[in-house]
Q: 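I have a structure I would like to understand better, so I am pasting it below and will then ask my questions one at a time.
What you see is a predicted model; the values in this text were computed from it and never measured.
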Amino acid sequence: MNRKKLQKLTDSLTKNCKHFSKFEVKCLINLFYNLVGEVTERQGVIIGLDRNAFRNILHMTFGMTDDMIMDRVFRGFDKDNDGCISVTEWVYGLSVFLRGTLEEKMKYCFEVFDLNGDSFISKEEMFHMLKNSLLKQPSEEDPDEGIKDLVEITLKKMDHDHDGKLSFADYEQAVREETLLLEAFGPCLPDPKVSLQHLCCHHSLAVP
């Protein structure tokens, strides 16, 4: 990408991205193109991080291991659902991921947990996510029973309107009362110790 184009892209992303400075945006753009590799910008070719490349970053840099959650995080970043994370989606996504306000993080986490996109987290969705993210305990009992119990306990705590599923209003109220419930159904945000510097250094890029 030539300097003029890079400058224009940096300016437009910085203007719309309140959590990163111009220097940081430039670093993330450089990192993006490093990760994508030397792809020539041809007409009609989508330049971006595909699912595998992105999952690799989530795993190697952010220590994520849950396949279902990583897939949902990918969908959270890929706003236009074209199967690829563009440079714009990369910068905006990381803005919430690394530095989002509680409001932004709640919206993001709720979208990750709402597996079928119907604006509710159902008992079935809770069951799938908890079954996936909890460590299997070797015991005599049926592990599914323990997870069903956990779903009931979670619903009791978070389902404020008692309709047997979580709306965003239920989830928001529960998280505002107890922030630990933000990632109630699986780790979908980075460890607070992982910063932009960490991300860039991990991929051998210095933050200006």
Q: Donor-acceptor pair, distance only, cut-off 3.5 Å: does the side chain of D159 make one with the backbone of D163?
A: yes
Q: For the residue pair K15 and D11, establish whether any side-chain heavy-atom pair is separated by less than 4.5 Å.
A: no
Q: Which heavy-atom pair separates C188 from V112 by the least distance, and what is that distance?
A: CB-CG1, 3.9 Å
Q: Salt-bridged, E103 to K107, with N to O below 4.0 Å?
A: no
Q: Keeping T154 on the side-chain end and L150 on the backbone end, is there a donor-acceptor pair under 3.5 Å?
A: yes
Q: Using the rule that Ile, Leu, Val, Met, Phe, Trp and Tyr join whenever any side-chain heavy atoms are under 4.5 Å apart, tell me whether F168 and L115 fall into a single cluster.
A: yes
Q: Given the rule in the side-chain contact (heavy atoms from CB on, under 4.5 Å) test, do F62 and L98 qualify, once you have shown the distances and angles that lead to the verdict?
A: CA-CA 11 Å; F62 298 110; L98 290 170; 4.0 Å; yes
Q: Do L31 and L9 sit in one hydrophobic cluster, given that two such residues count as connected whenever their side-chain heavy atoms are within less than 4.5 Å of each other, even indirectly?
A: yes
Q: Does the pair R72 and M129 meet the rule for a side-chain contact (heavy atoms from CB on, under 4.5 Å), with working shown?
A: CA-CA 11 Å; R72 297 297 304 161; M129 286 181 287; over 6 Å; no
Q: In Å, rounded to the nearest 0.5 Å, how long is the span from NZ of K157 to CD of E178?
A: 6.0 Å
Q: In the structure I gave you, are the side-chain heavy atoms of D67 and M70 within less than 4.5 Å of one another anywhere?
A: yes
Q: Quick one: does any side-chain atom of R55 pair with a main-chain N or O of D50 as donor and acceptor, under 3.5 Å?
A: no
Q: side-chain contact (heavy atoms from CB on, under 4.5 Å), that's the test. Do I69 and N132 meet it? Break it down for me.
A: CA-CA 9 Å; I69 294 286; N132 218 33; 5.8 Å; no
Q: Please walk me through it: do D78 and D80 pass side-chain contact (heavy atoms from CB on, under 4.5 Å)?
A: CA-CA 6 Å; D78 181 23; D80 60 4; 2.9 Å; yes
Q: Under 3.5 Å, is there a donor-acceptor pair between the side chain of D144 and the main chain of K148?
A: no
Q: Measuring from N52:CG to F74:CZ, what's the distance to the nearest 0.5 Å?
A: 9.0 Å
Q: How close do I85 and F32 get, heavy atom to heavy atom, and via which atoms?
A: O-CE1, 3.3 Å
Q: Mind jotting down which residue pairs meet the salt bridge (charged side-chain N to carboxylate O under 4.0 Å, His left out) criterion with at least one end in residues 113-127? Sequence neighbours excluded, please.
A: K123-E152
Q: Measuring from L49:CG to N56:CG, what's the distance to the nearest 0.5 Å?
A: 10.5 Å
Q: Can you check whether T65's main-chain N or O pairs, donor with acceptor, with H59's side chain at less than 3.5 Å?
A: no
Q: Of the non-hydrogen atoms in E89 and F77, which two are nearest, and what is the gap between them?
A: CB-O, 3.4 Å
Q: Is it the case that one hydrophobic cluster holds both F185 and M68, taking links as side-chain heavy atoms less than 4.5 Å apart, direct or via other members?
A: yes
Q: What is the distance from atom NZ of K79 to atom OG of S86, rounded to the nearest 0.5 Å?
A: 11.5 Å
Q: What are the two closest non-hydrogen atoms of C84 and D82, and how far apart are they?
A: O-OD1, 2.7 Å
Q: Tell me the closest heavy-atom pair linking M106 and L182, and the distance in Å.
A: CG-CD1, 3.7 Å
Q: Would you say the side chain of L13 lies within less than 4.5 Å of the side chain of F20, judging by non-hydrogen atoms?
A: no
Q: Mind checking the CE-NE2 spacing from M158 to H160? Nearest 0.5 Å is all I need.
A: 7.5 Å
Q: With sequence neighbours excluded, tell me which residues meet salt bridge (Lys or Arg N to Asp or Glu O under 4.0 Å) with E177.
A: none
Q: Using modelled atom types and a 3.5 Å cut-off, is there a donor and acceptor pairing between side-chain atoms of Y33 and backbone atoms of L28?
A: no
Q: CG/D191 to OG1/T61 distance, rounded to the nearest 0.5 angstrom?
A: 13.0 Å
Q: Ignoring hydrogens and angles, tell me if any N or O in the side chain of N16 forms a donor-acceptor pair with the backbone of S12 under 3.5 Å.
A: yes
Q: So do Y171 and L181 actually touch side chain to side chain, heavy atoms under 4.5 Å?
A: no
Q: Report yes or no: do V175 and F120 belong to one cluster of Ile/Leu/Val/Met/Phe/Trp/Tyr joined by side chain heavy-atom distances under 4.5 Å?
A: no
Q: Which heavy-atom pair separates C17 from Y92 by the least distance, and what is that distance?
A: CB-CE2, 4.1 Å
